[in-house]
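Reviewing the structure listed below.
Proteins get letters first, then strands, A, B, ... in listed order; numbering begins at 1 in each. Values below: all heavy atoms of this structure, side chains included; hydrogens, waters and symmetry mates excluded.
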2 protein chains.
Amino acid sequence: MSDLDIAEVAQRAGVTAATLRFYEEKGLIRSIGRRGLRRVFGDSVLERLAFISLGRAAGFSLAEIGRMFSPGGTLDIDRSLLAERADELDRTIRRLGALRDGLRHAAACPAPSHMECPTFRRIVRAAESKSLERHIASPRNKI
Amino acid sequence: MSDLDIAEVAQRAGVTAATLRFYEEKGLIRSIGRRGLRRVFGDSVLERLAFISLGRAAGFSLAEIGRMFSPGGTLDIDRSLLAERADELDRTIRRLGALRDGLRHAAACPAPSHMECPTFRRIVRAAESKSLERHIASPRNKI
DNA sequence: ATGCAAACTCAAGTCGACTTGAGGTCAAGC
DNA sequence: GCTTGACCTCAAGTCGACTTGAGTTTGCAT
């Protein structure tokens, strides 16, 4: 198991040293020791950081990701949570797909102003109706 | 053209009155006048708000959306910007699709710990893209 | 042995998009 | 005419995820 200093971890994981300290403080990663006052990391931290990055991309907050590690430090994600997040992602994907089509249409549309294009207005209106739905749903939950 | 008071606009657009004042201050919407000191809105503000919501969902910031309106107030989006954003969205969609599949696999995977599953590890390693950030499924950004 | 880039700690700042609070005004119903 | 509640303004607070700054310490190359 090779020892890594913070700069090397930072460089290989694509984050700054400050971010690593921040993550450690939050309990997301751990250093295996110190050399003087300097942190020493094991290379498994890289996999862990990759996982954190993936989790963030999937829409989990750092707090949620933190909860995915059991006290021992091994990964232990609730499978139903994963399935739930996959479904959520799926809905997001579909919405973004419609949006992309709308943008593409608007980009090619010959109407002098976008609001004069019936297709564009339809897309805008469709977004509007969905926003009503969301307002009924739970208000507070961020990434 | 019916006159709307702030409460009605808020209710119909699914935002709070405070948000409407905030948007007005930022130049994203305008009231057509005042009745006493109270704002009066024309109903076209609803379409504009729907557009703003759509834009947010597509990953635009309020500042970017603001720039899409010409000084006169009409919508005037740079078409190449739209096409560019559509392409960006497309890349995001593909990446999120892979992520969703990964999550789905992990949810069904029989390995005792996810890190012991080769498929999961492959997904984790594959996650390196940075441009994903913009369209992450932040419920705040959702339509 | 010495110089210094790189670490360290802890506090505070930043950014976006709002929300909340304090204190004041006013149109409408009783 | 009076109360009340919806509005108003302006300032400050919040939230997440970092970043930045200030002041201090030290491992390592020369």
Checklist entry - Which residues satisfy the salt bridge (Lys or Arg N to Asp or Glu O under 4.0 Å) test with Glu8(A), sequence neighbours excluded? => result Arg12(A)

Next on the checklist: By the 4.0 Å heavy-atom rule, please label Ala17(A) as base, sugar-phosphate, or nothing.
Outcome noted: nothing

Next on the checklist: Evaluate Val15(B) against Val9(B) for side chain to side chain contact (heavy atoms under 4.5 Å, CB included), listing each step before the verdict.
Outcome noted: CA-CA 8 Å; Val15(B) 299; Val9(B) 175; 5.9 Å; no

Checklist entry - Counting only side-chain N and O atoms of Tyr23(A), is one of them less than 4.0 Å from OP1 or OP2 of dA17(D)? => result no

Checklist entry - For the pair made of CD1 in Ile6(A) and C1' in dA5(C), what is the distance, rounded to whole Å? => result 15 Å

Item to check | Interatomic distance where CG belongs to Leu62(B) and P belongs to dT19(C) [whole Å] | outcome: 11 Å

Next on the checklist: Quick test of your reading of the model: are Arg91(A) and Asp87(A) salt-bridged, counting only N-O distances below 4.0 Å?
Outcome noted: no

Checklist entry - To the nearest angstrom, how far is Arg34(A) atom CZ from dA6(C) atom P? => result 19 Å

Item to check | Phe41(B) CZ - dC7(D) C1' separation (whole Å) | outcome: 11 Å

Item to check | Closest nucleotide among dT20(D), dA7(C), dC8(D) to the Ala18(A) side chain | outcome: dT20(D)

Checklist entry - Atom CG of Leu20(B) and atom C1' of dA17(C): how far apart are they, to the nearest Å? => result 14 Å

Checklist entry - For DNA chain C, whose closest nucleotide is more 5', that of Asp5(A) or that of Ala63(B)? => result Asp5(A)

Item to check | Ionic contact status for Arg85(B) with Glu88(B), cut-off 4.0 Å | outcome: yes

Checklist entry - Atom CG of Leu4(A) and atom CG of Asp43(A): how far apart are they, to the nearest 0.5 Å? => result 6.0 Å

Next on the checklist: Without decimals, in angstroms, what is the distance between Leu28(B) CG and dA17(C) C1'?
Outcome noted: 11 Å

Checklist entry - Which pairs pass side chain to side chain donor-acceptor pair (under 3.5 Å) with one or both residues in residues 23-37 of chain B, sequence neighbours excluded? => result Glu24(B)-Ser31(B), Glu24(B)-Arg39(B)

Next on the checklist: Counting primed atoms plus P, OP1 and OP2 as sugar-phosphate and everything else as base, spell out the protein contacts along nucleotides 24-30 of chain C at 4.0 Å heavy-atom distance: B, S or - for each nucleotide, 5' to 3'.
Outcome noted: -SBS---

Checklist entry - Once you round it to whole Å, what is the distance between P of dA17(C) and CD of Glu24(B)? => result 18 Å

Next on the checklist: Under 6.0 Å from the ring centre and within 45 degrees of the ring axis: does the NZ or CZ of Arg48(B) meet both conditions for the six-membered ring of Phe41(B)?
Outcome noted: no

Checklist outcome for this item: When Phe22(A) and Arg39(B) are each assigned the nearest nucleotide of DNA chain D, the 5'-most assignment goes to Arg39(B)

Checklist entry - Under 4.0 Å between a side-chain N or O of Thr19(A) and OP1 or OP2 of dA17(D)? => result no

Checklist entry - Whole-Å distance between dG16(C) P and Arg67(B) CZ? => result 10 Å

Checklist entry - Closest to the Arg21(B) side chain: dT19(D), dC18(C), dC8(D)? => result dC8(D)

